[in-house]
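Report on one structure; see the data block that follows.
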Amino acid sequence: MNDTDCVEVLLDVPLQGTFSYRPATPLPVGIRVRVNFGGRELCGVVANGMSRPAPGVKLKPVSEAYAALPPLPESLLRMAAFAARYYHHPAGAALFTALPTLLRQPRDVAPPDRRPWRLTEAGRLAPPPPRQRARLALWQALERAAQDDDALRAVSPQALRVLAEWAGQGLAERFDPPREVSAAGDLPALTGEQATAVDSVAASLGRYQAWLLQGVTGSGKTEVYLRLIARVLAEGRQALVVVPEISLTPQLIERFARRFAGARIACLHSHLADGERLEAWVDAWQGRADIVIGTRLSVFTPLPRLALIVVDEEHDASLKQHDGLRYHARDLAVWRAHDAEVPVLLGSATPSLESVANADAGRYRRLMLTRRAHAAARLPAVRLIDTRRAELTDGLSAPVVDALAGALSRRELSLVYINRRGYAPVLACPQCGWTSGCPHCSAKQVVHLQSRVLRCHHCGDAEPLPRACPDCGNADIRPLGEGTQRLEAALGALLPKARILRIDRDTTARKDAWDAVYRRVSAGEVDILVGTQMLAKGHDFGALSLVVALGCDGGLYSADFRAGERLFSTLMQVAGRAGRAGVAGEVLVQTQWPDHPLYQALARHDFDGYAETLLAERREAGFPPAAHQALVRADAPDGAAAAAFLQGLLASVADDPAVRVFGPAPALMARLAGRERAQLVIECAERARLHAWLSAAEPVLARLGREAGRALRWAIDVDPLEL
DNA sequence: AGCACGCCGACT
DNA sequence: GTCGGCGTGCTC
């Protein structure tokens with residue numbers, strides 16, 4: 001090797017590009033290495049093969065090349081490189097967000113090898129002599145059948161030492177046992193629509209095609225996934241299933257495991273211990289896992305025999321990462337499907353307008369499930385309660401209380417949805433007008449009566465509940481409005497016989513909390529579920545007869561142009577909980593605006609009609625998906641500094657008449673955790689020109705960021721979901 | 001992001 | 001006299 005040759009190394013630093021190092025021996029692309037960078041030892045990944053170093057640059061040597069695992073696959077490097085380009089994030093940082101924590105560290109690691117042992121041909125012919133009793137027992141155990149470490153340790157405490165020795169002599173080896181993967185048991189009959197969906201997607205296996213599976217709640221989208229995955233597994237290939245919430249994975253995993261006995265299912269989410277995550281990731285990468293189910297980060301998992309990607313609840317905002325590399329798992333899944341030449345199936349009862357527009361434009365093909373899988377299940381009747389004419393006690397109207405009492409007397413399960421946790425969204429003094437504003441954020445502190453605190457839901461800061469107004473000393477200060485805790489209390493007083501279960505982030509924060517919820521609900525120990533939008537996220541509570549939605553009007557006339565889409569989607573989803581499995585359902589919505597087109601469309605169960613209305617509005621206003629957006633966010637303790645930074649950027653990036661730039665303006669949440677937040681909104685009908693603008697902005701941002709100092713932080717957010 | 005190098009206040 | 005505050009500047 002010529003000593004002027006070098007490799008390009010990606011590092012987990014917020015700096016553009018790669019760094020050149022001199023390796024002792026030629027290194028393959030994708031290998032993890034340890035290098036010295038600015039005085040510290042970092043983990044790096046070799047990005048390119050050998051190249052000529054730029055003249056005049058002094059090169060450091062590669063300190064160490066890690067060999068415990070094979071080099072990372074090029075498909076992963078391609079995906080990370082695409083994500084870096086698309087989201088305008090440093091390439092090294094993008095790759096490292098795709099890796100499990102243990103692979104980001106400058107240490108050679110591999111998960112424990114749990115493959116079973118067997119004797120080789122030579123080993124079978126060489127039994128140990130009878131006086132080596134422990135060795136003979138081991139040999140005999142392996143002669144009967146392959147065994148895993150635990151079983152062999154039970155035969156002899158020395159087992160693993162002996163086996164290592166035998167492996168060295170070619171007498172024993174670890175191996176991947178063949179898996180008998182079969183779809184188990186009696187499969188439910190498919191509806192005609194489900195069968196069409198399965199056949200259509202199955203016909204596209206082996207090439208790229210994006211499918212939008214739009215199925216009303218209870219129409220059996222999961223069954224479609226299962227049938228397709230069965231075909232993939234029958235071919236010995238792998239499937240990737242991305243879901244928005246960790247809490248949705250246990251249910252799904254259980255259902256997959258029941259269906260595919262013998263299949264290896266790897267589960268990936270951020271609550272795993274580092275070691276578990278590494279093991280699941282490597283199992284998938286080494287082809288030992290057949291199915292990967294996980295949250296957004298699992299979209300990066302290497303899968304050598306990938307044949308199908310499923311993104312469930314594709315409309316869900318949790319699929320977008322909102323710090324660091326701000327990627328959308330659905331969009332990366334579509335890119336990956338294209339790169340791997342496999343179909344991708346996006347499922348939702350209420351697809352995002354982005355996906356609806358892609359389907360309308362023919363980029364995605366649409367599959368509809370309009371009927372519920374359960375023949376007896378019909379869509380619920382929606383009744384709008386006009387709160388301008390109804391008297392409210394603790395936010396509840398008489399028709400709502402009557403309906404809940406009726407369901408209770410029939411022993412039917414009801415659900416009350418309100419998108420506010422805590423007791424009341426604000427504490428106020430009626431005498432002087434004081435309200436419980438957060439000292440660090442432009443938000444109100446929420447009354448939590450159980451823990452007796454005021455807590456900001458944005459920065460998490462809490463303080464004891466005051467007994468009197470901090471401004472005027474008035475002792476008669478009052479919680480205004482309703483949250484889940486207050487509803488729970490009010491319903492308990494109005495319907496003393498009802499067994500109420502509250503579900504919000506406060507009650508489900510503990511591990512296994514969802515387990516307990518399902519147990520209590522399925523054991524019939526609950527009459528009324530009270531909760532936030534968590535209740536709208538694909539959890540199956542079985543037979544629900546009544547759904548009540550409260551306090552939704554805020555989404556109708558919000559400053560956020562996506563608020564209406566989100567509200568409509570959430571209401572369709574909670575309403576969909578009613579009337580499953582043969583119980584006729586009813587949905588009551590309390591509102592001041594019963595004539596609003598959103599509620600009228602909800603009453604007709606008309607997702608497509610209202611989606612087209614919203615799309616027309618977006619086209620009119622030039623908002624996504626009719627145009628493409630990006631944000632440059634800046635925040636600093638001093639608001640003027642953030643604005644000046646963005647102003648400086650604006651002044652230094654060349655105008656493109658096709659690119660509209662708005663701002664600097666305060667973010668929707670203008671103050672968060674003691675920092676003032678400002679932003680530029682960049683809009684363009686052509687994605688390429690938006691990216692050109694951002695590319696031109698990048699070096700300016702790096703320079704201005706340096707000049708502005710540590711106090712100022714900035715970030716680019718491509719396809720932002722929140723302004 | 002780290003971690004150096006670099007110039008001004010309270011300590012053995 | 002120097003220990004260390006964190007401002008700015010660089011990292012193949």
Side-chain angles (χ1 to χ4, degrees), chain A residues 1-66 71-72 77 80-81 83-84 87-107 270 274 321-327 632-638 640-642 644-645 648-649 673-675 698-717:
Chain A
M1 190 180 61
N2 188 324
D3 66 3
T4 60
D5 284 347
C6 66
V7 285
E8 295 301 306
V9 176
L10 290 155
L11 297 172
D12 193 7
V13 289
L15 298 170
Q16 221 44 250
T18 58
F19 299 88
S20 310
Y21 285 87
R22 195 163 33 77
T25 57
L27 293 176
V29 169
I31 195 170
R32 292 171 61 245
V33 294
R34 179 166 60 84
V35 294
N36 185 287
F37 183 74
R40 64 208 158 112
E41 295 295 308
L42 291 185
C43 175
V45 174
V46 172
N48 303 315
M50 312 305 277
S51 59
R52 238 356 73 71
V57 188
K58 63 218 174 314
L59 295 191
K60 291 185 179 179
V62 171
S63 313
E64 186 182 0
Y66 297 135
L72 300 170
L77 300 188
Y87 292 105
H88 293 266
H89 200 70
L95 175 61
F96 277 78
T97 49
L99 300 181
T101 324
L102 288 174
L103 293 185
R104 295 181 210 167
Q105 284 154 13
R107 271 180 34 219
S270 54
D274 290 348
Q321 172 119 342
H322 42 261
D323 50 22
L325 176 68
R326 294 163 189 252
Y327 65 96
V632 180
R633 304 173 184 276
D635 63 83
D638 169 22
F645 168 81
L649 174 68
R675 302 179 66 89
E698 272 181 81
V700 184
L701 278 164
R703 178 172 55 82
L704 293 177
R706 231 180 298 120
E707 287 166 11
R710 293 272 188 272
L712 185 127
R713 292 186 311 209
W714 61 270
I716 293 176
D717 190 351

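We name chains A, B, ... by the order of the sequence lines, and we start the count at 1 in each one.
- Remark: P of C:dC10 and CZ of A:Arg703 are 14 Å apart, rounded to the nearest angstrom.
- Residues satisfying the side-chain contact (heavy atoms from CB on, under 4.5 Å) criterion with A:Leu15, sequence neighbours excluded, are A:Val13, A:Phe19, A:Phe37.
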Exercise for review: Summarise how protein sits on nucleotides 1-8 of chain B as a single string, 5' to 3': B when a protein heavy atom is under 4.0 Å from the base, S for sugar-phosphate-only contact, - for no contact.
Suggested key: BBB-----
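- A pairwise comparison of heavy atoms in A:Arg22 and A:Leu59 identifies NH2-O, 3.6 Å as the closest pair.
- Per the geometry, CZ belonging to A:Arg34 stands 16 Å off C1' belonging to C:dC12, to the nearest Å.
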Under 3.5 Å, which donor-acceptor pairs link side chains of residues 700-708 of chain A to any protein atom two or more places apart or in another chain?
none

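- A side chain to side chain donor-acceptor pair (under 3.5 Å) with A:Glu64 holds for exactly one of A:Arg34, A:Arg32, A:Arg107; it is A:Arg34.
- Nucleotide C:dT11 holds its P atom 13 Å from the CG atom of A:Leu59, rounded to whole Å.
- Between the CD atom of A:Gln16 and the C1' atom of C:dT11 there is a distance of 15 Å, given to the nearest Å.
- Two residues are said to be in side-chain contact when any heavy atoms from C-beta on lie closer than 4.5 Å; A:Val29 and A:Val7 fail this criterion.
- With A:Val62 as the partner, the side chain to side chain contact (heavy atoms under 4.5 Å, CB included) test is satisfied by one option alone out of A:Val33, A:Val46, A:Asn36, A:Thr25: A:Val33.
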